[in-house]
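Data block below; observations after.
Here is how names work: the chains are called A, B, and so on, in the same order as the sequence lines, proteins then strands, and each is numbered from 1.
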Number of protein chains: 2
Amino acid sequence: MVAEPGQGDEVVTTPAEPPAVPHPADEPAVRERARAIPEAAVARLAIYLRALTELSEQGVGTVSSEELSIAAGVNSAKLRKDLSYIGSYGTRGVGYDVGVLIGQVERILGLTRNHSVAVVGIGNLGHALANYNGFPGRGFPVTALFDVDPDLIGVPVGGIPVDHIDDIPQVVADRDITIGVIATPPSAAQEVCDRLVSAGVQCILNFAPVVLQVPDHVEVRKVDLAVEMQILSFHVARRADEGSTESTAAGPDGAVNGTGMSEVDGMVMRP
Amino acid sequence: MVAEPGQGDEVVTTPAEPPAVPHPADEPAVRERARAIPEAAVARLAIYLRALTELSEQGVGTVSSEELSIAAGVNSAKLRKDLSYIGSYGTRGVGYDVGVLIGQVERILGLTRNHSVAVVGIGNLGHALANYNGFPGRGFPVTALFDVDPDLIGVPVGGIPVDHIDDIPQVVADRDITIGVIATPPSAAQEVCDRLVSAGVQCILNFAPVVLQVPDHVEVRKVDLAVEMQILSFHVARRADEGSTESTAAGPDGAVNGTGMSEVDGMVMRP
DNA sequence: AGCCGCTTGTGAACGCAGGCACAAAGTCGC
DNA sequence: GCGACTTTGTGCCTGCGTTCACAAGCGGCT
Ligand SMILES: NC(=O)c1ccc[n+]([C@@H]2O[C@H](COP(=O)([O-])OP(=O)(O)OC[C@H]3O[C@@H](n4cnc5c(N)ncnc54)[C@H](O)[C@@H]3O)[C@@H](O)[C@H]2O)c1
Ligand SMILES: NC(=O)c1ccc[n+]([C@@H]2O[C@H](COP(=O)([O-])OP(=O)(O)OC[C@H]3O[C@@H](n4cnc5c(N)ncnc54)[C@H](O)[C@@H]3O)[C@@H](O)[C@H]2O)c1
């Protein structure tokens, strides 16, 4: 049971010679996946959406790829390419209509409907998530909370009473839960995950530091703070080794403030 | 890279092994940089470390790349390549000595020393982070808390009294803070970040959904839950479109596939 | 002692993502 | 109505990261 996606170990499909022989003709077996959006692009679309929403609230009606790319902290060419994956909604010589683009990005991201969220494990983190109002504001209302602790059952957190995890099947069905958030101790994560999946949840956001085993049709995203810190630690260590270079005085003003972006260090693109 | 989510990629150097790479480089800037560990590999090393630590606690003394790769949820070839970045510590025909490997990974990740963490913004999330005992257990003790709310100043959270953000310079220096965690509202994030950087903090973990502007020598990692959810939403929507083909309800022990992104997964639960 | 099988370490191919640069396309001004 | 300017959309090239496949190396078995 090797944790490995598709292929078995030795697929003898193409007996063709591995040695380099530039094969001209043959098409690379075009899948029926006509519109495949790179995963990395999807993540950025979410960032663009936040920047666009902010612009919209400011009354901005049109934005160029250059402006938007600065707000999102990415390269403008990359932004245009990302947007091209979802269609051609820009106007050459003008830019993009903010409203239209918001609609299209939301369509692609599946945000035209609400996605009810269930949080399992109402401890430190679960409480914070339940009380967070950034999710409902973005189409992800938290509508169910679960725990095993008898003292918590029935207690409202963030306005929602905690249910027992045995009620997962029922509640998930009733409230049309599409996203399950796991905030239990690591030891309980897999079991909780299994229960959620059995109840029909196809999206899991996991905060427990374990690898979850799920069927292929279930999507898992993981947030691992310890790993994030260790990556930071690595960079510190590396920096300490390399001779310290001169430190350029940072710019006095920052100004451009946008929204999230990938976890790159603070490099700002040039206009 | 991201999480989640996409991932800033940046080659980084490590002070590990001799150069010894007879590569017919056509690189213009051939620095004497020894070897570069891909950012993605660094993230996975943290995962391997957790798996190795667990194995060690179970008394396992030796592990093969195959076993470890399963525990970490990755391809075994990838695991070997990742480990090769930090040196050759395996024994052919046998595998890796768990203790030795833990030591080497910790060395590369800079975990031979403790990294004191400061959390800024002791609200919902800040409380959870301050109370979390998973950090101290991994060499990241939270030793300082900051906020602006007068009602919070002096109140101990997770055993540590909250300081006012004006005390950042002093406290950061006194307690040798190396990592700053931003858990303030988005509007305050940039200012808090600037203060931390001014105080000498070179690593930032940001939970606020904004792009932080920092000097080049500061490393920023971002955790953006809304983006994670939107990525999940995207996959639901996409599945709904083309999903009408076949619904493979087969595989009970699904592969830990998940995102194809740079984000990596944690480890697997022991049976 | 020598062979055999297992596992590592890595060269090389492949595929994806990023970024440049430009043609296409539309607008604005005159 | 036409030209010049602006900005999009994308072809192509580059480089990184992943994966395959195998020779080298090591321990154990006979
Ligand atoms: N607190 C943080 O800031 C933080 C940070 C990073 C990661 N995490 C991870 O998030 C998870 C939760 O952390 P926490 O600090 O909130 O822990 P916690 O101990 O405060 O809360 C865990 C909650 O899960 C409940 N629980 C236990 N077993 C359960 C089960 N089988 N089904 C349902 N609920 C169950 C407990 O009753 C408790 O309420 C952990 O895996 C932790 O590693 C937390
Ligand atoms: N709560 C969550 O589960 C969650 C989830 C995802 C993202 N976030 C993000 O994390 C951040 C914090 O969320 P929260 O729910 O804890 O918010 P919160 O409002 O509960 O807490 C914010 C805290 O920051 C403090 N603060 C405000 N301005 C400050 C300043 N200038 N300097 C120092 N402290 C300041 C406030 O006094 C408060 O204690 C937000 O950016 C939010 O978007 C939170």
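- The side chain of N75(B) lies closest to dC20(D) when the candidates are dC20(D), dT18(D), dG11(D).
- The shortest side-chain heavy-atom distance between S65(A) and L83(A) does not fall under the 4.5 Å cut-off.
- If you take CG of L68(A) and C1' of dT6(D), they are 17 Å apart, rounded to a whole angstrom.
- For the pair F140(A) and L111(A), the minimum side-chain heavy-atom distance is below 4.5 Å.
- Residue D82(A) contributes atom CG, which lies 12 Å from atom P of dG9(D) at whole-angstrom precision.
- To the nearest angstrom, P of dG19(C) lies 15 Å from CG of L83(A).
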side-chain contact (heavy atoms from CB on, under 4.5 Å) evaluation trace for F234(A) with I37(B): CA-CA 10 Å; F234(A) 167 80; I37(B) 302 183; 4.2 Å; yes

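- Judged by atom type and distance alone, K81(B) reaches the base of dT19(D) through a side-chain donor-acceptor pair under 3.5 Å.
- The existence of a salt bridge linking E39(B) and R238(A) is excluded, since no basic side-chain nitrogen approaches an acidic carboxylate oxygen closer than 4.0 Å.
- One interatomic measurement links the two molecules: CD of E67(A) to C1' of dT7(D), which rounds to 11 Å at whole-angstrom precision.
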Stepwise side-chain contact (heavy atoms from CB on, under 4.5 Å) test for V236(A) and L232(A): CA-CA 6 Å; V236(A) 177; L232(A) 288 173; 5.5 Å; no

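- Following rounding to the nearest Å, I86(A) (CD1) and dG9(D) (C1') show an atom-to-atom distance of 13 Å.
- The CD-C1' distance, from E39(B) to dT18(D), rounds to 17 Å in whole Å.
- Side-chain proximity of P38(A) to dG18(C), dG9(D), dA17(C): nearest is dA17(C).
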Atom pairs, protein N/O to nucleotides 4-8 of chain C N/O, distance under 3.5 Å:
from   : atom 1 : to     : atom 2 : distance (Å)
dT7(C) : O4'    : G93(B) : N      : 2.9
dT8(C) : OP1    : S65(B) : N      : 2.5
dT8(C) : OP2    : S65(B) : OG     : 2.4
dT8(C) : O2     : R92(B) : NH1    : 3.0

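- To the nearest 0.5 Å, atoms CG (L49(B)) and CZ (R138(B)) are separated by 7.5 Å.
- The distance between atom NZ of K78(A) and atom C1' of dG15(D), rounded to the nearest whole Å, is 13 Å.
- Considering only heavy atoms from C-beta on, I204(B) stays 4.5 Å or farther from E219(B) through its side chain.
- Going from atom OH of Y85(A) over to atom C1' of dG11(D) covers 12 Å, rounded to whole Å.
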